[in-house]
Amino acid sequence: MGNVIYPMWAECPMLTRMVIVGYPAMSMVFLMLASVSDETAWFVDSLFNCNLDNLMSGKLWTLFWGPFYMPIQSGMAFLMILLELYMAMRYFPSYEKEYGSTGFLCWTFFVNMLNSLVFLAFTLCTVLYYHQSGNAFGEFVAKRSAVHGLWPLVMVCLTLTALSDPDGSTNFWGMVTIPNRWYPLALTGFFMLLNGFRIMWSLIAALVTGYAFSRFRFERFLPSKPRLDRLEQRCCRGGRCNLLGASWVPANSTSSFDVDVQVDRRYQNFSDFGNERTNQTAPSGGGQFVAFGGSGNRLGESTEMAQAPSSAAESNA
């Protein structure tokens with residue numbers, strides 16, 4: 001097992017290692033904190049549980065980092081966390097190296113928000129169904145449902161990776177070869193089969209996010225790499241920091257940074273095109289141009305012809 005994990009760990013940049021180490025540790029710490037008293041349980045719930053009740057209370061921060069907490073309440077949940085960490089080590093490093101560490105952090109929060117919003121839309125439909133049928137307990141449980149764990153985020157990474165080569169195929173654990181465009185759906189169906197044929201709405205929300213992300217190019221809403229580079233230069237010493245034996249991946253070291261810089265400059269020039277004249281400074285003499293002002297020339301007369309009589313008059317004088 002170590003021969004498999006160590007090479008994967010060696011490929012993980014700094015932010016991926018922080019997630020792999022911090023996710024289970026934070027889940028254990030906050031689980032113990034929630035078991036102390038009702039006040040601490042309310043605090044943990046308000047901090048991480050992105051459900052309809054908390055969203056209606058204005059706790060919008062749960063949309064972004066709620067999935068980074070998993071209440072470990074059984075041995076099976078701990079085994080699922082280990083599987084999540086293995087999948088994260090497999091998919092997160094390539095995305096962090098592509099976006100940079102700061103860009104990958106923004107991408108992670110953005111994808112968590114999309115997953116949570118889609119999941120809450122499913123939850124709202126379920127609540128309305130239970131409310132119409134008079135099932136008060138089912139309505140209460142649906143309102144308290146939230147997205148927890150890294151599986152939805154991993155599923156989005158897996159979906160985007162598969163859709164990057166839609167005409168290819170993937171071997172499903174040596175049993176069957178599945179086309180890449182259908183591989184995420186088959187894997188989600190397999191997990192539902194293991195879950196006792198119960199619908200896993202968090203994974204379905206991740207599928208919706210992954211396919212929509214690829215179709216509608218949601219990465220357009222993320223900050224550009226030149227902007228992230230300017231942020232890192234101001235706040236993070238240019239991204240020159242190390243932790244857990246790995247380095248932060250600066251935005252200016254990513255593969256497409258030069259292309260993004262050219263695109264950013266092109267958009268800046270386009271936006272300044274109409275203001276080019278107003279941005280110019282006035283001459284030092286302070287004079288202003290007046291239409292038809294000053295000494296002119298007769299029609300058909302050049303400047304040399306106009307200067308010739310004046311020079312002759314000066315010589316005669």
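Any value given below was found using the heavy atoms of this structure, including those in side chains, with hydrogens, waters and symmetry copies removed.
No single ILVMFWY cluster, assembled from side-chain heavy atoms under 4.5 Å apart, contains both Leu128 and Phe137. One hydrophobic cluster, built from ILVMFWY side chains closer than 4.5 Å, holds both Val147 and Leu150. Cluster membership for Phe43 and Met32, using ILVMFWY side-chain heavy atoms within less than 4.5 angstrom, is not shared. Cluster membership check: Phe64 does not share its hydrophobic cluster with Met56, using side-chain heavy-atom separations under 4.5 Å among Ile, Leu, Val, Met, Phe, Trp and Tyr. Connection of Leu52 to Val141 is not established within any shared hydrophobic cluster, with ILVMFWY side chains joined at heavy-atom distances below 4.5 Å, either directly or through further cluster members.
In this structure a side-chain-to-backbone donor-acceptor pair under 3.5 Å is missing from Glu84 to Gly149. Judged by distance alone, the side chain of Asn180 and the main-chain N or O of Asp165 form a donor-acceptor pair under 3.5 Å. Judged purely by atom type and a 3.5 angstrom limit, Thr40 uses its side chain to pair as donor or acceptor with the backbone of Leu33.
Counting heavy-atom neighbours within 6.0 Å of Arg217 CZ, excluding the residue itself, gives a total of 12 or less. Under a cut-off of 6.0 angstrom, the local environment of CE in Met28 is sparse, with at most 12 non-hydrogen atoms contributed by other residues, nucleotides or ligands.
Using modelled atom types, one finds a donor on one side chain and an acceptor on the other under 3.5 Å when comparing Thr161 with Tyr95. Residues Asn54 and Asn49 bring no donor and acceptor atom of their side chains to less than 3.5 Å of each other. Side-chain polar atoms of Asn51 and Ser145 form no donor-acceptor pair below 3.5 angstrom.
Contact record, Ala41 with Ala34: CB-O, 3.3 Å, taken as the closest heavy-atom pair. Minimum heavy-atom separation, Leu160 to Gly210: CD2-O, 3.5 Å. Considering all non-hydrogen atoms of both residues, Leu120 and Cys50 come closest at CD2-O, 3.6 Å. Residues Glu232 and Trp248 share a closest heavy-atom pair of OE2-NE1, 3.4 Å. Ile81 and Pro24 make their closest contact through CG2-CB, 4.2 Å (heavy atoms, listed as atom of the first residue, atom of the second, distance). Taking all atoms of both residues into account, the shortest heavy-atom contact from Ser214 to Leu163 is CB-CD1, 3.7 Å.
For the pair Met200/Trp151, no side-chain contact is recorded, criterion being any heavy-atom separation below 4.5 Å from C-beta on. Between Met14 and Val249, the closest side-chain pair of non-hydrogen atoms is not below 4.5 Å. With contacts defined as side-chain heavy-atom distances shorter than 4.5 Å, the pair Leu187/Met155 qualifies. Two residues are said to be in side-chain contact when any heavy atoms from C-beta on lie closer than 4.5 Å; Phe110 and Glu219 fail this criterion. With a 4.5 Å cut-off on side-chain heavy atoms, Tyr211 and Pro184 count as touching. A heavy-atom distance below 4.5 Å is not found between the side chains of Met8 and Leu85. Leu15 places none of its side-chain heavy atoms less than 4.5 Å from the side chain of Thr102. Between Cys157 and Phe92 the shortest side-chain heavy-atom distance falls below 4.5 Å.
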Side chain to side chain contact (heavy atoms under 4.5 Å, CB included) evaluation trace for Ile20 with Leu244: CA-CA 11 Å; Ile20 292 172; Leu244 298 174; over 6 Å; no

Evaluate side chain to side chain contact (heavy atoms under 4.5 Å, CB included) for Asp229 paired with Gln233, printing each intermediate quantity in order. CA-CA 6 Å; Asp229 178 61; Gln233 295 296 334; 3.5 Å; yes

Determine, step by step, whether Leu55 and Leu60 satisfy the side chain to side chain contact (heavy atoms under 4.5 Å, CB included) criterion, reporting the C-alpha distance in whole Å, the side-chain angles of both residues, the deciding distance to 0.1 Å, and the verdict. CA-CA 6 Å; Leu55 192 65; Leu60 301 180; 3.5 Å; yes

Yes or no on side chain to side chain contact (heavy atoms under 4.5 Å, CB included) for Glu96 and Leu105, after CA distance, side-chain angles and deciding distance? CA-CA 8 Å; Glu96 184 174 357; Leu105 181 63; over 6 Å; no

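Within the structure, side chain to side chain donor-acceptor pair (under 3.5 Å) contacts touching residues 107-120 (residues at least two apart or in different chains) are Asn115-Thr209. Within the structure, ring-ring contact (aromatic ring centres under 6.0 Å, His included) contacts touching residues 115-135 (residues at least two apart or in different chains) are Phe122-Trp201.
Here OG1 of Thr16 is found 9.5 Å from CE of Met89. Values are rounded to the nearest 0.5 Å. Atoms CH2 and CZ, from Trp65 and Phe48 in turn, are 8.5 Å apart once rounded to the nearest 0.5 Å.
Below 30°, between 30° and 60°, or above 60°: for Phe221 and Phe218 the angle between ring planes is between 30° and 60°, a tilted geometry.
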